[in-house]
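These figures come from a predicted structure and were not determined experimentally. Values reported hereafter were calculated over all heavy atoms of this structure, with side chains retained and with hydrogens, waters and symmetry mates removed.
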2 protein chains.
Amino acid sequence: MTKSKTSCLAFSHHDHKRCQNKLLSAARDLCESRNLRLTERRKQVLQILLQSHQPIGAYDILAQLNQGQARIAPPIVYRALEFLLEEGLAHRIECKNAFIGCVHPGHQGATQFLICKDCDKVAELENPVSALQEDARNVGFVIDHSVVELTGTCADCQQNVG
Amino acid sequence: MTKSKTSCLAFSHHDHKRCQNKLLSAARDLCESRNLRLTERRKQVLQILLQSHQPIGAYDILAQLNQGQARIAPPIVYRALEFLLEEGLAHRIECKNAFIGCVHPGHQGATQFLICKDCDKVAELENPVSALQEDARNVGFVIDHSVVELTGTCADCQQNVG
DNA sequence: AAAAGTTACGTTATAATATAACACTATGAC
DNA sequence: GTCATAGTGTTATATTATAACGTAACTTTT
C-alpha cells in the first residue's frame, strides 16, 4: 500500500538542496536506462523546475534561461518540457498552465495534485484514481489519462492564517 | 446515494432539443431564485454551450455570436462565461481551455468529467471526491476547489473502433 | 573518418487564449 | 427624475503555445 504521507514532499520541511540533487540524478539514471539524452537544455529546464515545489510557467522558465546574455525563444522551452512530460520527469498543472518537476520519476500511474493557494506549493500524491476509475467503468468509459488537481490550503498555511 | 449512471447524460442517447430546453429553463429558474439577471448575452452564451455535450472554446463562442452582422469582442464572451461559471451553469474544462454547459445546475459539490478523445463529448459525474478528499485530509490539506478530468474513450466509441 | 540518417536546437513569425482599462447604457432604488 | 450599480461595448495588449523552416550535433553505416 503506497502511503500518501510519505509522498507528500512539497508540504514537508526537508533539505531541498538534497531533494533537487536526488531528483536530478534520478532523471539522469532514468534517461540512461531508457537510452534517452538528458541534454544540457533539458537538464537546465529540469533544474529550473526543481528549484521549488511551486509550478512555473513556460515563459518564466524562458526568462530564467535568458537571464545571462542568451536570447532564446519559446519553442526551445516547450520542446524541453515536452520531453520531460513524456518521460514523466515533469508534470503540467492544467489549472495554472504551468509546470512542475516530478518528485517520483519512474513511478508510472496517475497522480493527484494538491495545490495550496496560499503558498502556491504543489504536492503530488500517487495512485488516487481507484474510486474515480470505478465510476468511469460503471458507464463503460476507459480512462487514458487523468487530471486531478485539488486546490485549497495546506496544513502549514492554515496555521499561518489562524 | 447519487447513482453515476443516471447523471451520465452526454454518453446517453437522448432527445437533445428537450435536454437543451430543460437546462435553459432550469437556468432561468435558478437565476430568478437567486435574484440574478440571465441577460440576453448570458442566455446567448449559455445556449451556445448547450448546443452539444462537447466543450467549446471562448473564441468559437465568439465566432458564433459574430455570425450575423455583429462585431463583438472577446471580453463580452469571457464576462458571460465568468457569470455562468460562478453560478454553476457552466464548467471550464481545464485540459482543453474550453467550456461546457452544466447538466445539473443547482447541484453544488465537486464534479468529475469524463472526456472522450474520440467523439469529444464530456460527461459530468457528481460527487467523486470522497476518496481523494480522504488522501488530502491525511496530510492536513483542506480542499477548496477540485479539477477532475479523465480523458479516454466512451462506450460508444469503443464499439465504433472495434 | 566521410556519408547518410536522425535527433535536437535555434529563429522567425504567428496562432490561440485571456484580461486590463475605460466609456457607455440599462436597470433598480429612492 | 436622480442616483448608484450592474452589465455591455471597445480598444489595446498580455499571456500561452505552436508552425515552419533552417542549422548543428550525435550515430550508424560504410
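Within the 4.0 angstrom heavy-atom criterion, base atoms lie near B:Arg79.
Counting heavy atoms from C-beta outward, B:Arg28 and B:Lys43 have side chains that approach closer than 4.5 Å.
Within a 6.0 Å radius of NZ in B:Lys117, other residues, nucleotides and ligands contribute more than 12 heavy atoms.
Of the possible donor and acceptor atoms, one in the side chain of B:Arg34 sits under 3.5 Å from a partner among the backbone N and O of B:Glu87. The backbone N or O of A:Asp135 sits nowhere less than 3.5 Å from a side-chain atom of B:Gln112 that would complete a donor-acceptor pair. Without hydrogens or angle criteria, B:Asp144 side chain to A:Thr151 main chain gives no donor-acceptor distance under 3.5 Å. Between the B:Glu149 side chain and the B:Ile115 main chain, no donor and acceptor come within less than 3.5 Å of each other.
Projected onto DNA chain D by closest heavy-atom contact, B:Arg37 and B:Asn97 fall at different nucleotides, the more 5' of which corresponds to B:Arg37. For B:Phe99 and A:Pro74, each mapped to the nucleotide of DNA chain C holding its nearest heavy atom, the one lying further toward the 5' end belongs to A:Pro74. Toward the 5′ end of DNA chain D lies the nearest nucleotide of B:Ala80, the other residue of the pair B:Ala80 and A:Ala98 mapping further downstream.
In the 5' to 3' direction, nucleotides of DNA chain D lying under 4.0 Å from heavy atoms of chain B begin and end at D:dG7 to D:dT11. From the 5' end on, the contacts that DNA chain C makes with chain B at under 4.0 Å to a non-hydrogen atom open and close at C:dT17 to C:dT27.
A:Tyr78 and A:Tyr59 have perpendicular rings, their planes meeting at more than 60° on a 0 to 90° scale where under 30° would count as parallel. B:His14 and B:His16 have perpendicular rings, their planes meeting at more than 60° on a 0 to 90° scale where under 30° would count as parallel. Using the six-membered ring where Trp is involved, A:Phe141 and B:Phe11 have ring planes that are parallel, under 30° apart on the 30 and 60° scheme.
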(Q) Show me the dot-bracket string of DNA chain D, counting Watson-Crick or G-U pairs under 3.5 Å, with | for pairs to another strand and [ ] for crossing ones. (A) ||||||||||||||||||||||||||||||
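A:Leu23 CG to A:Leu9 CG: the interatomic distance, rounded to the nearest 0.5 Å, is 7.5 Å.
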